[in-house]
Amino acid sequence: MINISFPDGAVRQYEAGVTAMDIAKSISEGLAKKVLAAGVNNQVWDASRPITTDSHLKLYTWNDAEGKNTFWHSSAHLMAEAIEAKFSGVKFWVGPPLDNGFYYDVDLGDKKITEEDLAELEKKMNELAKQNNVYIRTEKAKADAIAYFTEKGDEYKLDLLQNLEDGNITFYTQGNFTDLCRGPHIPHTGFIKAIKLTSIAGAFWKGDEKNKMLTRIYGITFPTQKELDDYLTMLEEAKKRDHRKIGKELSIFTTNEDVGQGLILWLPNGTIIIEELEKLAKETEAAAGYKRVVTPHLAKENMYLTSGHLPYYADSMFPPMEMDGEKYYLKPMNCPHHHKIFDAEPKSYRDLPYRIAEYGTCYRYEQSGELFGLMRVRCLHMNDAHIYCTKEQFAQEFKAVNAMYLKYFKIFGIDKYVMRLSLHNPEKLGQKYVNQPELWLETEQMVREVLIETGTPFVEVQDEAAFYGPKIDVQIFSVIGREFTLATNQVDFAQSRSFNLSFTNQNNEPEVPLIIHRAPLGTHERFIGFLLEHYAGNFPVWLAPLQVKVLPISDKFMDYATTVKTALQKAGVRVEIDERQEKIGKKIREAEISKVPYMLIVGEKEATENKISVRRHGKGDAGQLSIDEFVHNIAEEIKQRKAAE
RNA sequence: GCCGUUGUAGCUCAGUGGUAGAGCACUUCCUUGGUAAGGAAGAGGUCGUGAGUUCAAUUCUCAUCAACGGCUCCA
């Protein structure tokens with residue numbers, strides 16, 4: 001007999017060789033029907049795997065991440081079985097679970113899979129799932145496994161085997177499909193009741209673009225049809241918030257083939273948002289002691305050799321323009337220009353921290369396949385600034401920048417983000433990162449300490465630093481789940497040396513400053529793209545391109561509507577009158593659809609009483625106010641940059 | 001850049017080897033209406049672009065441009 005202890009502290013005795021499934025059954029049949037996997041001494045096991053020693057046991061169901069992962073991993077195997085049944089001779093790479101669903105990378109050889117095939121594969125999967133085939137775990141010696149896949153001619157699984165230790169090699173079989181797999185798996189395929197194969201995509205083998213491209217098939221499965229339906233509905237809802245869709249509906253931006261890929265044309269509505277953001281940034285930066293500068297979009301080759309951009313960043317730069325025997329580059333970042341400004345006049349320690357800010361226009365050659373609406377573009381406007389400071393001043397300056405983020409995030413109500421400490425990769429020193437190993441470690445530690453000291457939760461990620469130093473990135477997710485860096489706060493120990501920047505310290509000696517690169521509002525492009533999704537187009541009043549729409553009941557009240565409009569315009573409010581000969585219901589409907597925060601309905605009643613009837617977007621009738629009251633209220637709401645409700 | 005899909009009116013989308021349709025938007029007229037769509041008429045597209053096959057191409061083929069889903073890469 002062995003002792004099995006449960007999360008609640010209970011300990012019960014079972015025969016050695018008992019499975020988690022047996023134990024679940026001994027508790028209740030209902031529970032047994034839901035168990036997908038087991039946690040045995042903090043390892044995830046098959047619920048059907050015999051337990052032979054005293055153990056801690058957790059039972060995982062669909063409600064646990066471990067349960068879902070196992071479910072989706074098993075679903076990947078089920079899909080593989082269906083693929084093998086339909087396409088003979090395919091080879092499989094890996095099929096892991098994802099946050100939502102799973103994929104399998106396959107080499108289809110000469111064959112091709114199309115969207116139409118997905119429906120057939122789903123059908124086959126459903127058929128196989130209904131057979132309640134159990135997932136059978138077997139162990140093999142490495143030599144046997146190698147022999148097995150050599151005979152099969154499966155170079156992918158042989159490659160996987162290379163990195164596995166002998167004695168731990170497991171296979172799983174369900175129905176007619178056997179795969180090299182660490183597991184674990186759900187008890188049988190019958191748990192999988194609802195299946196949707198979502199897309200086909202190419203994926204480089206091992207994620208290396210030099211390797212062959214495999215076919216990746218994505219899918220998602222659920223224990224019930226309802227959950228699948230809910231998931232698909234949720235996806236549809238998310239698509240409605242997509243900034244590309246809302247951006248078009250609200251006339252925020254457009255693109256044009258003749259202008260070029262990734263080059264955004266900001267329409268008047270989008271430009272209003274840009275100007276409001278710049279106003280906020282300029283106020284905030286002025287208060288924080290930044291000075292503003294303006295620099296050109298171009299610079300000569302030599303500067304980018306000095307800065308390190310050409311050695312480390314050339315792939316992201318547009319090719320040079322030649323003029324009078326000189327090569328000129330469009331700037332991918334503002335920093336080199338700013339360094340020249342720092343260097344334009346001698347600096348003493350009294351001038352530091354020297355903070356210069358610019359809404360700089362940068363051009364980056366992003367590969368065509370990476371462009372994505374406003375989130376990934378080739379011409380971007382950065383909320384940029386550089387702080388030149390001493391080592392002693394660094395922590396305080398860096399903290400002040402972090403505080404600035406948080407202040408902005410509060411204004412915008414941004415609360416779903418991940419702070420990422422982005423570190424270098426020592427293996428890529430000299431290629432992707434400047435070759436100064438000690439300075440990397442030293443500055444990374446400085447940044448880490450600032451984060452710890454301020455109690456900011458963060459994750460550390462290797463190989464995400466800038467070429468000139470470590471950084472903190474604020475990661476956000478688009479509605480369709482893509483991750484982006486929204487804001488960034490970076491240390492640069494490299495460029496001040498390469499540019500020979502110095503200041504005179506208190507001992508009358510030259511000293512090299514540290515540089516902080518920071519962009520709390522990121523770029524206009526990405527920030528507004530994010531905001532469109534964040535607010536689903538329902539901007540707070542201060543940001544809304546049109547803040548008030550006056551809706552006359554009929555054109556008899558056009559004069560009064562004009563009086564109202566004029567009063568608002570005088571207070572700096574963005575206001576229009578709907579002058580069309582339409583019924584009020586239609587005017588309201590269209591104002592609602594265009595997401596104008598305030599609709600003011602004016603007719604007989606209002607005109608005689610010198611009032612307006614207020615309707616708040618998304619909320620409906622908000623009662624009557626005098627013109628003066630309303631003007632005062634909205635002016636205050638705008639001034640305070642009140643959050644969207 | 002790579003793999004795959006797509007490209008028809010301002011928008012959303014039908015459709016066809018014999019030079020195109022719907023709804024909404026737009027224009028005009030009627031209507032002057034009180035909190036999410038009043039009625040009628042009209043205008044609008046050489047079907048992304050270029051070549052090829054064909055008596056004939058928007059439809060088939062190829063190339064190219066762009067968008068979308070991923071991969072790789074990154075604010």
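We use all heavy atoms of the structure for the numbers below, so side chains are in, but hydrogens, waters and symmetry mates are not. First the proteins, then the strands, lettered A, B, ... as listed; each starts at 1.
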Novice: In whole Å, what separates the C1' atom of U58(B) from that of U54(B)?
Specialist: 15 Å
Novice: For F92(A), which of L214(A), L160(A), I83(A) qualifies under side chain to side chain contact (heavy atoms under 4.5 Å, CB included)?
Specialist: I83(A)
Novice: What contact category does E464(A) fall into here, base, sugar-phosphate, or nothing, at under 4.0 angstrom with non-hydrogen atoms?
Specialist: nothing
Novice: Heavy atoms under 4.0 Å, any strand shown: does A203(A) hit a base, just sugar-phosphate, or nothing?
Specialist: sugar-phosphate
Novice: Taking atom C1' in both C24(B) and A9(B), compute the distance separating them and give it to the nearest angstrom.
Specialist: 12 Å
Novice: Could you give the CH2-to-P distance, from W93(A) to C71(B), as a whole number of Å?
Specialist: 16 Å
Novice: Pairs in or reaching into residues 242-277 of chain A: which pass ring-ring contact (aromatic ring centres under 6.0 Å, His included), with residues at least two apart or in two chains?
Specialist: H243(A)-F372(A)
Novice: Short of 4.0 Å, heavy atom to strand atom, which residues of residues 544-561 of chain A count as contacting RNA chain B?
Specialist: I553(A), S554(A), D555(A), K556(A)
Novice: Name the closest nucleotide to the E209(A) side chain, picking from U35(B), C71(B), G1(B).
Specialist: G1(B)
Novice: Taking ring-ring contact (aromatic ring centres under 6.0 Å, His included) as the test, write out the residues that go with Y535(A), two or more places apart.
Specialist: F539(A)
Novice: Students often get this wrong, so: under 4.0 angstrom with heavy atoms, is S199(A) touching a base, only sugar-phosphate, or nothing?
Specialist: sugar-phosphate
Novice: Which whole number of Å gives the distance between the P atom of A63(B) and that of C13(B)?
Specialist: 27 Å
Novice: Report yes if a side-chain nitrogen or oxygen of K432(A) is closer than 4.0 Å to either non-bridging phosphate oxygen (OP1 or OP2) of C74(B); otherwise report no.
Specialist: yes
Novice: Spell out protein contact along nucleotides 36-46 of chain B as letters: B when the base is contacted, S when just the sugar-phosphate is, - when no protein heavy atom is under 4.0 Å; keep the 5' to 3' order.
Specialist: BBB--------
Novice: Please check if any side-chain donor atom of K331(A) sits under 3.5 Å from a side-chain acceptor atom of T295(A), or the reverse.
Specialist: yes
Novice: For V377(A), what residues pass the side chain to side chain contact (heavy atoms under 4.5 Å, CB included) criterion, not counting sequence neighbours?
Specialist: I264(A), L380(A), E525(A)
Novice: Return yes if a side-chain donor-acceptor contact under 3.5 Å exists between Y388(A) and H339(A), otherwise no.
Specialist: yes
Novice: Separation of D258(A) atom CG from A67(B) atom C1', in whole Å?
Specialist: 15 Å
Novice: Hey, could you give me the CG/CD1 distance between N269(A) and I274(A), rounded to the nearest 0.5 Å?
Specialist: 11.5 Å
Novice: Counting any heavy atom closer than 4.0 Å, what does Q261(A) reach on the DNA or RNA strands: base, sugar-phosphate only, or nothing?
Specialist: sugar-phosphate
Novice: Please identify each residue that fulfils salt bridge (charged side-chain N to carboxylate O under 4.0 Å, His left out) with K91(A), with sequence neighbours left out.
Specialist: E155(A)
Novice: Look at K206(A) together with D208(A) and state whether they make a salt bridge at an N to O cut-off of under 4.0 Å.
Specialist: no
Novice: Could you tell me which residues satisfy side chain to side chain contact (heavy atoms under 4.5 Å, CB included) with E236(A), sequence neighbours excluded, listed by chain and number?
Specialist: K239(A)
Novice: Within the pair R616(A) and U35(B), is there a side-chain N or O less than 4.0 Å away from OP1 or OP2?
Specialist: no
Novice: Base, sugar-phosphate or nothing for Y218(A)? Non-hydrogen atoms, less than 4.0 Å.
Specialist: sugar-phosphate
Novice: Nearest heavy-atom pair of V596(A) and H617(A): which atoms, and what distance?
Specialist: O-CB, 3.0 Å
Novice: Taking only the C1' atom of each, what is the distance from C60(B) to C26(B) in whole angstrom?
Specialist: 36 Å
Novice: In whole angstrom, give me the gap between the P atoms of G52(B) and A57(B).
Specialist: 11 Å
Novice: Would you measure the distance from the P atom in C11(B) across to the matching atom in A67(B) and give it in whole Å?
Specialist: 15 Å
Novice: Please enumerate all residues that pass side chain to side chain contact (heavy atoms under 4.5 Å, CB included) together with P426(A), with sequence neighbours excluded.
Specialist: H424(A), Q462(A)
Novice: Report yes if a side-chain nitrogen or oxygen of Y365(A) is closer than 4.0 Å to either non-bridging phosphate oxygen (OP1 or OP2) of C74(B); otherwise report no.
Specialist: no
Novice: For the pair made of CG in D208(A) and P in C3(B), what is the distance, rounded to whole Å?
Specialist: 15 Å
Novice: Test of understanding: with salt bridge (charged side-chain N to carboxylate O under 4.0 Å, His left out), list the residues that count as partners of K586(A), not counting sequence neighbours.
Specialist: none
Novice: Choosing from C71(B), G1(B), C68(B), which nucleotide comes nearest the side chain of S368(A)?
Specialist: G1(B)
Novice: If you look at every strand shown and take non-hydrogen atoms under 4.0 Å, does M213(A) touch a base, only sugar-phosphate, or nothing?
Specialist: base
Novice: For RNA chain B, please output the secondary structure as dot-bracket, reading 5' to 3'. Pairs are Watson-Crick or G-U wobble, both atom distances under 3.5 Å; mark crossing pairs with [ ], other-strand partners with |, unpaired with a dot.
Specialist: (((((((..((((....[..)))).(((((.......))))).....(((((..]....))))))))))))....
Novice: Walk me through whether E397(A) and R355(A) qualify under salt bridge (Lys or Arg N to Asp or Glu O under 4.0 Å).
Specialist: CA-CA 10 Å; E397(A) 289 300 310; R355(A) 311 178 189 92; 2.9 Å; yes
Novice: Would you name the heavy atoms of C335(A) and H517(A) that are closest together and state the gap between them?
Specialist: CB-CE1, 3.3 Å
Novice: Can you check whether R364(A) has a side-chain N or O nearer than 4.0 Å to OP1 or OP2 of C74(B)?
Specialist: no
Novice: Could you work out the separation of G18(B) and C47(B) based on their C1' atoms and round it to a whole Å?
Specialist: 16 Å
Novice: To the nearest Å, how far apart are F372(A) CZ and G1(B) P?
Specialist: 19 Å
Novice: Have a look at R580(A) and say if it touches a base, only the backbone sugar-phosphate, or nothing, with a 4.0 Å heavy-atom cut-off.
Specialist: sugar-phosphate
Novice: Check the distance between U72(B)'s P and K212(A)'s NZ and give it to me in whole angstrom.
Specialist: 18 Å
Novice: With hydrogens left out and only the distance checked, is there a donor-acceptor pair under 3.5 Å joining E604(A)'s side chain and the base of G33(B)?
Specialist: no
Novice: C2(B) C1' sits how many Å from D315(A) CG, rounded?
Specialist: 15 Å
Novice: Base, sugar-phosphate, or nothing for S613(A), non-hydrogen atoms under 4.0 angstrom?
Specialist: base
Novice: Which sits closer to the 5' end of RNA chain B, R216(A) or Q475(A), going by the nucleotide each is nearest to?
Specialist: R216(A)
Novice: When every nucleotide of nucleotides 7-12 of chain B is labelled 5' to 3' by its protein contacts under 4.0 Å (heavy atoms), B for base, S for sugar-phosphate only, - for none, what sequence of letters results?
Specialist: -----S
Novice: The side chain of F204(A) lies closest to which of these nucleotides: G1(B), G70(B), U35(B)?
Specialist: G1(B)
Novice: Work out how far the P atom of G48(B) is from that of C55(B), and round it to whole angstrom.
Specialist: 25 Å
Novice: How would you list, by chain and number, every residue that makes a ring-ring contact (aromatic ring centres under 6.0 Å, His included) with Y408(A), sequence neighbours excluded?
Specialist: none
Novice: Categorize G603(A) for me: base, sugar-phosphate, or nothing, with a 4.0 angstrom heavy-atom threshold over every strand shown.
Specialist: base
Novice: Are F493(A) and Y468(A) an aromatic pair by the rule of ring centers under 6.0 Å?
Specialist: no
Novice: May I have the distance from Q367(A) (atom CD) to C3(B) (atom P), rounded to whole angstrom?
Specialist: 13 Å
Novice: If you find the nucleotide of RNA chain B closest to K605(A) and the one closest to T215(A), which residue's nucleotide is nearer the 5' end?
Specialist: T215(A)
